[in-house]
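This report refers to the structure that appears directly beneath it.
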Amino acid sequence: MIPTGFRLWLSALVCLLAVNPAGRVEAAYDAPNFSGKLIDRDALSLGPRETDEVVTALTALAANFPGEAIIDHDVREKAIALALMLRPLDGGARAAHRDLQQGSTPLPVELFQSLAAVSGALWRHGERLAERGTEPEDRRLAPLLMELSLLAQPAKPLPERVQRYQKALQDVDPDWSVAVTLQTNDNASNERARALRLPMPEPEAPKPMATLVPTPTLQTIPTTSSTPTPDPTPTGATPMAAAEIKRREGSLRALVVEGATGKAAVSQVTLTVREPSPDESSLFGLFTDREMRADFEMRATYDRRGQALAGIDAAAGLVKQRYPVWPRRLMAEFGLLALGGETIPATAAEADVSLPALILLASAFSGEAIQPAFGPEGDFVLGGRLTDAGKPTLPEDMDAAALAKSAAASATAPRALFLPAPAGETTDPAGQLLDAAINGDETVLFRPQVVGYTSIDELAPVLKGPTPEGLTSALTEFALIQGLLERMAPGEIARNPAVQDRLGKVLAAWPSHASARAMLAYGARPVSAGMSLSASRQAVETALAPAIELYESRERGDGFEVTATVKKLDEAKWQLSELRGKIDPQAKAMLTAAEDALEACRIYLSLTNQGTSIGRQRREEWLTALETMEMEQEKLKAGDAGQ
């Protein structure tokens, strides 16, 4: 029996541990009420990729920042409620919800490693939804995303964003209480949320700056986001001297990914700085609150005769951190050209050119030319896009192996493909090339030569040229290995002792040569070795994906064709059975769980009336089996992160 005095001391200790440094008791996580709908996901105009980013950002808000004081449990409850209403079967969101319910810290999700990145993604989507006046459900979701974006900002929110949020509230004022239980006296986020609704004070006019900020060069491009510089020339003030454009034309050969299709193609991103036509002059008066500002601000846009481009605004915003005052009434027009020089049709899906646009703008302001190796006739190609924090990363839903195969299939395949390999992240190109080779695609190790870079600063010497001596030596050495394909099999080449020695020389000359690193690791594996742990997990995920897609399609009422469904499920079953003798032994539990889930899905989808009691039971069996598979999946992801 515990003594009374000790029991009292223990109770006092528990109370002290529940108080945060500010002296406020932090309430526990309360499971959202998912039947109280905040939004109707079927009435939204969000596409699959947009939904992916929003759900991942919301899950990151709930899971990735356990030590951040501004992210309390009410913020997490709001984020999880929205994430699972948008995508009820999302594995990451469901795992985070389960862990928070159990009082444990969820495993972090990838892509969003900072609050600034989460806030930026949520704001971007919320602002877009608020502008879509034809979809009432879009306008209902917009202020929810905007609020969470503003609550996630470590710094004080910008007045213009608060005003934009308040404007969205005038259309639809959402009620969080239908889905979450807010602890208004315990969680400080509720006070901040209330403050966002209060009228904004009139901002003070900023004082004119005495000198210009330094000219951006290819080595001083901003790589982190910061608070935008206020308008430096309020009405009545003396305007600053406008920044000078030193190069009016530029181009960069890049591997560009179409937004909707996910297809990658080697293309030429171009920049032309020119005077506007009379019709275009009206652009300078749009979206500006100050008349003086419209007189001198350059506009960054895209070629309206060609394909719609994404990421230009993000690139311009990063360069404006160096140059808050842009040249007077100029158009910075971006274009996207196919290999033959023709403009890519406007009917093509929106493509992200954020990284090439940033580099081209920096070249225009600094006057530093991009070296010919990245030009139309060159043999270098740049890959990657910018995160919300301004850092280079791989395109969404694309890995290095898929990008390398797309580049190799180009009519003018590059000699070297440069891909981001940010320090500390799991998206390592060498590892992804190795996984593809272990999965049976050995040729991806050979062409093109994939070279990693951790930042734009590291890439700058290669972009400006001449090509560094170490890189030239590495590319030449690796080309000799490529020549062996004419008389030897890929696996035989990788395991050859002389080739292994040569690969060591390649890495000594240029350590970030991803193809050499992947081939060296592949050649060191025993011939009888199976798939890697990461490749095993991804293979199981890929095999089960059609079943999940069929279920979600049936739930949405998109239509149902029995023969096609049976064929897809049989194919998935065959793929899973083929993996049993190939995958890493640690992935066997996930494979077994996936096979059980597939069978449960098959039984549920075979029912003609899912609304009966037996239908509801079968549906619950499928969802339970899927959750078991996802738990095994999360264990493997944790194992990947620890390796």
Side-chain angles (χ1 to χ4, degrees), residues 49 53 110-113 117 120-121 218-219 221-225 250-259 262-269 271 309-319 334 336 350-363 370-371 373-374 378 380-408 410 414-433 448-464 471 510 512-515:
R49 287 179 176 272
E53 185 172 22
E110 298 178 357
L111 300 181
F112 293 98
Q113 304 302 320
L218 292 177
Q219 287 182 303
I221 299 172
T223 55
T224 56
S225 61
S251 67
L252 180 63
R253 200 164 176 237
L255 188 64
V256 178
V257 179
E258 292 181 355
K263 295 180 180 178
V266 176
S267 309
Q268 199 72 17
V269 183
L271 169 65
L309 304 177
I312 292 173
D313 290 342
L318 288 167
V319 175
F334 290 90
L336 191 61
E350 186 176 80
D352 188 327
V353 296
S354 53
L355 183 58
L358 178 63
I359 292 169
L360 288 169
L361 279 174
S363 174
I370 297 170
Q371 74 143 313
F374 284 99
F380 289 176
V381 166
L382 178 65
R385 66 175 185 88
L386 293 174
T387 66
D388 293 314
K391 296 180 179 179
T393 186
L394 293 174
E396 294 181 13
D397 302 327
M398 297 286 284
D399 63 17
L403 294 170
K405 291 176 68 174
S406 296
S410 168
R415 181 187 185 194
L417 172 63
F418 293 81
L419 293 179
E425 294 191 11
T426 58
T427 52
D428 173 39
Q432 292 174 346
L433 293 174
Q449 299 188 43
V450 178
V451 181
Y453 61 94
T454 59
S455 66
I456 298 177
D457 287 343
E458 180 185 321
L459 186 65
V462 182
L463 283 167
K464 291 191 299 182
L471 178 58
W510 201 258
S512 58
H513 196 295
S515 295

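Note that the structure is a prediction, hence the values are computed from the model and not measured.
- Taking A310 as the reference, E350 meet the side-chain contact (heavy atoms from CB on, under 4.5 Å) condition, with sequence neighbours excluded.
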Worked check of side-chain contact (heavy atoms from CB on, under 4.5 Å) between R385 and V257: CA-CA 9 Å; R385 66 175 185 88; V257 179; over 6 Å; no
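- Scanning for side-chain contact (heavy atoms from CB on, under 4.5 Å) contacts around A402 gives M398, D399, with sequence neighbours left out.
- No side-chain heavy atom of L382 sits under 4.5 Å from any side-chain heavy atom of V269.
- By the 4.5 Å heavy-atom criterion applied to side chains, I370 and L360 are counted as neighbours.
- Residue K464 comes nearest to Q371 through the heavy atom pair O-CB, 3.5 Å, listed as atom of the first residue, atom of the second, then distance.
- In this view, S354 and D352 satisfy the side chain to side chain donor-acceptor pair (under 3.5 Å) rule, not counting sequence neighbours.
- Scanning all heavy atoms of the two residues, the minimum distance from V450 to P429 falls at CG1-CB, 4.3 Å.
- Each of F380, W510, Y453 was evaluated against F418; a single residue qualifies, F380, per the ring pair (Phe, Tyr, Trp, His ring centres under 6.0 Å) test.
- The heavy-atom pair separating G383 from L419 by the smallest distance is CA-CD2, 3.8 Å.
- The two residues A401 and Q432 come nearest to each other via the heavy atoms CB-O, 3.9 Å.
- A 4.5 Å side-chain heavy-atom check between I456 and L355 finds at least one atom pair inside the cut-off.
- Remark: P448 engages A404, A407, A408, P414, L417 in a side-chain contact (heavy atoms from CB on, under 4.5 Å) (not counting sequence neighbours).
- Nearest heavy-atom pair, A400 versus L394, reported as atom, atom and distance to 0.1 Å: N-CD1, 4.2 Å.
- Under the 4.5 Å side-chain criterion, counting only non-hydrogen atoms from C-beta, L252 is in contact with L463.
- Panel note: side chain S512, backbone G452; a donor-acceptor pair is recorded below 3.5 Å.
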side-chain contact (heavy atoms from CB on, under 4.5 Å) evaluation trace for V451 with V462: CA-CA 11 Å; V451 181; V462 182; over 6 Å; no
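- For the atom pair CZ (F334) and CG (L309), the distance works out to 9.0 Å, reported to the nearest 0.5 Å.
- Of all non-hydrogen atoms in A315 and L358, the two that sit nearest each other are CB-N, 3.5 Å.
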